[in-house]
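Keep in mind it's a predicted model, so treat the numbers as computed, not measured. All ligand and atom numbering here is 1-based and tracks the order in the structure.
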Amino acid sequence: MNVPFNDLKREYKSIKNEIDPVIKEVIDNTAFIKGRFLKEFEESFAAYSGTKHAIGASSGTTAIHLALLGMGLEPGDEVITVANTFIGTTEPITHAGCSIKLLDVDPVYYNIDVSKIEDAITPKTKAIIPVHLYGQMVDMDEVCQIANNHNLLVIEDSAQAIGAEYKGKRAGNFGDAACFSFYPGKNLGAYGDGGIVITDNDAAAKKMRLLSDHGRETKYSSDFEGFNYRLDAIQAAILNVKLRHIDKWNDARRDVAKFYYDNLKEFDIVLPEEHSDCRHVYHVYCAQVKNREKFQADLKELGVPTGIHYPEPIHTQKAYDRLGLGKGTFPVTEDLADKIVSLPVFPFMEEEELQHVVDSIKKVLS
Ligand SMILES: *Cc1c(COP(=O)(O)O)cnc(C)c1O
């Protein structure tokens with residue numbers, strides 16, 4: 001039996017009768033840029049998130065760029081984030097002219113080690129980007145407390161955490177702004193690239209909206225130079241349909257995680273821990289094993305694909321040679337990079353596929 005790592009076709013089939021008509025409607029109206037489809041989705045997303053404003057963006061990465069500039073970050077400012085993340089978190093910091101201050105993660109939840117933040121703050125530090133990695137939120141009370149004490153902005157990288165909760169409130173409700181990605185493989189995926197920024201700050205929202213569209217209020221007159229970072233109307237229309245299903249799909253991911261936990265907890269594999277304050281939405285099901293290479297190869301033989309999120313920390317990638325942070329700088333992140341392995345998790349996994357994954361892992365580990 002071959003189990004897919006993810007299968008977006010199953011998801012599409014389940015909502016084809018809702019999706020096809022809205023795509024056709026956008027095309028019939030040739031309403032491709034801005035307009036009502038984008039507006040409707042932004043309003044639904046703001047309502048879902050419980051924030052005042054939502055500004056569509058062309059990707060999660062450009063959403064973070066918009067958030068940094070919209071919140072007033074300036075060249076020379078320092079921004080704190082983690083080494084265990086995707087480069088889409090850190091690129092926009094550089095593109096905003098700011099410098100990246102990386103921190104290690106904690107070994108249990110894989111998120112920013114909050115005990116290290118205070119020491120990393122300098123007079124130049126202006127913002128923290130906590131990353132809700134794999135779908136589990138950072139301890140936001142701690143982060144916001146430190147940010148408050150030092151007058152820092154908090155921009156949540158919620159790219160993997162739509163619908164995730166901390167103390168009963170959804171990702172995006174804690175920082176000054178929060179960014180989401182609609183990359184097709186994310187929990188809420190578009191049929192192409194997409195992203196969004198949310199905020200309660202009226203002035204910042206206005207600036208982000210202008211920045212996303214060439215800095216212009218009218219068609220041929222710009223107040224300042226911006227970007228073309230708009231979210232396509234066709235993606236917005238698709239996402240507006242899919243948003244209605246996200247809670248159910250996240251529940252299904254949680255069911256997969258529970259099945260893995262119940263069936264594998266006695267075995268020699270470290271399973272992800274759910275923080276008691278958090279509702280994890282399992283964008284990635286990240287486990288740890290010894291002898292990972294063999295584990296992956298043996299599972300592959302049995303038709304079970306696995307992934308690594310992420311095999312190379314930010315600070316040891318060539319792109320960040322200039323930071324001068326070699327191996328040994330972030331022991332937890334580096335140790336994880338050698339041991340972590342992601343198991344298949346998606347809402348449309350079938351019972352026999354789940355059983356096959358579990359049986360195969362037991363076989364490989366014994
Ligand atoms: C996916 C992702 C991004 C970037 O999103 P894109 O839509 O791919 O640009 C940023 N941060 C994290 C943690 C991500 O997982």
Sorted by chain and residue number, the side-chain hydrogen bond (donor to acceptor under 3.5 Å, both in side chains) partners of Asp176 (sequence neighbours excluded) come out as none

Short side-chain donor-acceptor distance under 3.5 Å, Ser342 and His309: yes

With sequence neighbours excluded, what pairs up with Glu217 under the salt bridge (charged side-chain N to carboxylate O under 4.0 Å, His left out) test? Lys206

Tell me every residue that passes salt bridge (charged side-chain N to carboxylate O under 4.0 Å, His left out) with Asp277, counting only those two or more places apart in sequence or in another chain. none

Expected contact list for ligand 1 at under 4.0 angstrom, heavy-atom basis, is Ser59, Gly60, Thr61, Thr85, Phe86, Gly88, Thr89, Val131, Asp157, Ala159, Gln160, Ser181, Lys186, Gly194, Tyr310

For salt bridge (charged side-chain N to carboxylate O under 4.0 Å, His left out), just list the numbers for Lys116 and Asp104, CA-CA rounded to whole Å, side-chain angles, deciding distance to a tenth of an Å, and then say yes or no. CA-CA 8 Å; Lys116 299 231 156 69; Asp104 211 346; 5.3 Å; no

Under a 3.5 Å threshold, yes or no: a donor from one side chain and an acceptor from the other, between Gln136 and His275? no

